[in-house]
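To start, the structure under review is shown below, and the notes come after it.
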Amino acid sequence: MKKLTVAIDGPAGAGKSTVAKRLAKELGYTYMDTGAMYRAFAWKVKESAIDLENEATLMAALRETRIELLEEPGGLKVMLDGVDVTTQIRAPEMSQSASKVSALRPVRERMVELQRAMGARGGVVAEGRDIGTVVFPRAEVKIFLTASSEERAQRRFDELRGQGKEVTLEETLEEMNERDRRDEQRTLAPLRKADDAIAIDSTRHSVDEVMAIVRREIEKKMFISN
Ligand code: DC
């Protein structure tokens with residue numbers, strides 16, 4: 001059976017990861033968390049004090065950076081230059097840092113190159129901001145998942161609290177709005193729904209309902225391409 005490429009884009013906290021992970025598992029596809037890649041590079045920028053103003057330094061750092069997404073029974077393991085950074089990249093401040101470095105052209109070019117290499121043979125569920133528009137514009141299935149900002153902030157707040165992080169709902173909402181604004185307004189590959197993507201508002205649908213809609217789309221495409 002033909003292996004499809006499934007693109008899931010949308011703002012922070014819309015439920016992309018939950019849906020993408022479940023879907024990848026069901027289909028036996030590779031789960032590609034592209035946000036984790038921007039986060040990993042942002043972590044490196046911070047740890048190695050890479051000067052983002054110096055393009056030559058930045059390009060050299062990008063060339064020698066190795067990012068691996070390893071699927072393990074406990075979840076996705078993110079390796080940066082051979083070191084496990086899975087936990088570190090989820091710190092709340094890394095969300096803003098990732099959003100900032102992701103606006104830079106050399107960073108985007110390198111990440112897109114890596115992502116295309118990882119998904120070259122199909123059979124991937126990739127989630128991010130520009131998957132359906134830039135990374136895999138020919139993806140057979142494109143989903144644009146949204147939810148109200150209040151709902152998304154509440155979900156992210158619950159998640160962070162669950163991890164024992166000291167944050168307030170107001171801070172979480174503010175941080176999320178700022179990040180979405182930056183991701184939507186940047187010049188390069190801004191967060192945008194691809195014209196041929198199906199928009200799903202997860203404020204009004206449970207995860208199971210979203211999964212049912214996505215599954216239907218996948219079945220249609222599998223039927224057409226066989
Ligand atoms: O999905 P996430 O919250 O882990 O992503 C962190 C940041 O990385 C997000 O605010 C913007 C950037 N990003 C991007 O520009 N393009 C992607 N495909 C994925 C993430």
Side-chain angles (χ1 to χ4, degrees), residues 5-21 24 30-46 52 58 62 65 67 69 75-78 80 85-119 124-137 139 142-147 149 151-153 155-160 163 165 167 172-194 197 202:
T5 299
V6 182
I8 304 186
D9 290 302
K16 299 187 296 295
S17 302
T18 308
V19 171
K21 274 183 211 161
T30 302
Y31 164 55
M32 197 193 298
D33 179 355
T34 63
M37 299 170 72
Y38 289 97
R39 286 171 182 269
F41 188 68
W43 174 259
K44 177 159 177 163
V45 167
K46 176 170 164 262
L52 294 176
L58 176 59
L62 281 162
T65 297
I67 297 173
L69 303 179
L76 197 74
K77 192 156 130 185
V78 184
L80 171 75
V85 294
T86 314
T87 312
Q88 293 89 317
I89 63 167
R90 297 294 161 197
E93 64 275 17
M94 291 315 295
S95 303
Q96 293 295 352
S97 310
S99 168
K100 285 178 192 156
V101 299
S102 76
L104 304 171
R105 181 181 298 278
V107 177
R108 295 214 75 81
E109 284 178 352
R110 180 69 183 133
M111 294 303 149
V112 170
E113 187 179 30
L114 293 173
Q115 289 153 13
R116 286 187 180 149
M118 287 163 73
V124 291
V125 180
E127 64 150 292
R129 305 293 187 285
D130 62 339
I131 309 300
T133 51
V134 176
V135 183
F136 300 125
K142 297 183 185 179
I143 306 294
F144 194 78
L145 199 57
T146 57
S149 52
E151 175 75 24
R152 293 186 291 110
R155 288 182 197 161
R156 185 50 60 96
F157 173 71
D158 293 341
E159 189 184 319
L160 292 171
Q163 295 165 1
K165 307 249 159 64
V167 288
T172 311
L173 178 64
E174 220 169 274
E175 185 268 344
M176 191 168 268
N177 285 340
E178 185 188 337
R179 186 149 69 101
D180 286 342
R181 216 175 302 119
R182 188 184 307 107
D183 295 344
E184 282 164 6
Q185 292 179 359
R186 68 182 176 219
T187 322
L188 298 168
L191 167 64
R192 179 175 77 73
K193 177 188 163 304
S202 71

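Order of appearance sets the numbers: ligands from 1, and atoms from 1 within every ligand. Worth saying up front: this structure is predicted, and the values here are computed from it rather than measured. Keep in mind that the numbers below use all heavy atoms, side chains included, and drop hydrogens, waters and symmetry copies. All residue numbers in this chain count up from 1 along the given sequence.
- Residues satisfying the salt bridge (Lys or Arg N to Asp or Glu O under 4.0 Å) criterion with Glu174, sequence neighbours excluded, are absent altogether.
- Looking at Leu76 and Thr86, their side chains never come closer than 4.5 Å, going by heavy atoms from C-beta outward.
- Within the 4.5 Å cutoff, the side chain of Ile143 has no heavy atoms near those of the Asp9 side chain.
- For the residues Arg156, Arg179, Glu127, Lys100, the heavy atom positioned nearest atom 6 (C) of ligand 1 is part of Arg179.
- Residues Ser202 and Arg155 have side chains that bring a donor and an acceptor to within less than 3.5 angstrom of each other.
- For the pair Arg129 and Gly10, the tightest heavy-atom approach, listed with the atom from each and the gap, is CD-O, 3.4 Å.
- Counting only non-hydrogen atoms, the option in Lys16, Met111, Arg90, Arg129 that gets closest to atom 1 (O) of ligand 1 is Arg129.
- Counting atoms of ligand 1 from 1 in the listed order, those under 4.0 Å from a heavy atom of Ser102 are 11 (C), 12 (C), 15 (O).
- Each salt bridge (Lys or Arg N to Asp or Glu O under 4.0 Å) pair with one or both residues in residues 35-46, not counting sequence neighbours, appears once here: Lys44-Asp81.
- Backbone and side-chain nitrogen or oxygen atoms of Arg108 are examined, and one is located within less than 3.5 angstrom of a nitrogen or oxygen of ligand 1.
- Atom 4 (O) of ligand 1 has Arg39 NE, 2.6 Å as its closest protein atom, hydrogens excluded (heavy atom only).
- Heavy-atom proximity to atom 19 (C) of ligand 1, evaluated over Thr34, Leu191, Asp183, is greatest for Thr34.
- The only option from Arg110, Gln115, Arg116 that meets the side-chain hydrogen bond (donor to acceptor under 3.5 Å, both in side chains) definition with Glu113 turns out to be Arg110.
- Of all the heavy atoms of Met37, none lies under 4.0 Å from any atom of ligand 1, so neither backbone nor side chain is involved.
- Shown in contact with Asp130 at under 4.0 Å from a heavy atom are these atoms of ligand 1, numbered in order with element: 16 (N), 17 (C), 18 (N).
- The protein heavy-atom contact nearest to atom 8 (O) of ligand 1 is Tyr38 CB, 3.7 Å.
- Under 4.0 angstrom from ligand 1, the non-hydrogen atoms of Arg186 all belong to its side chain.
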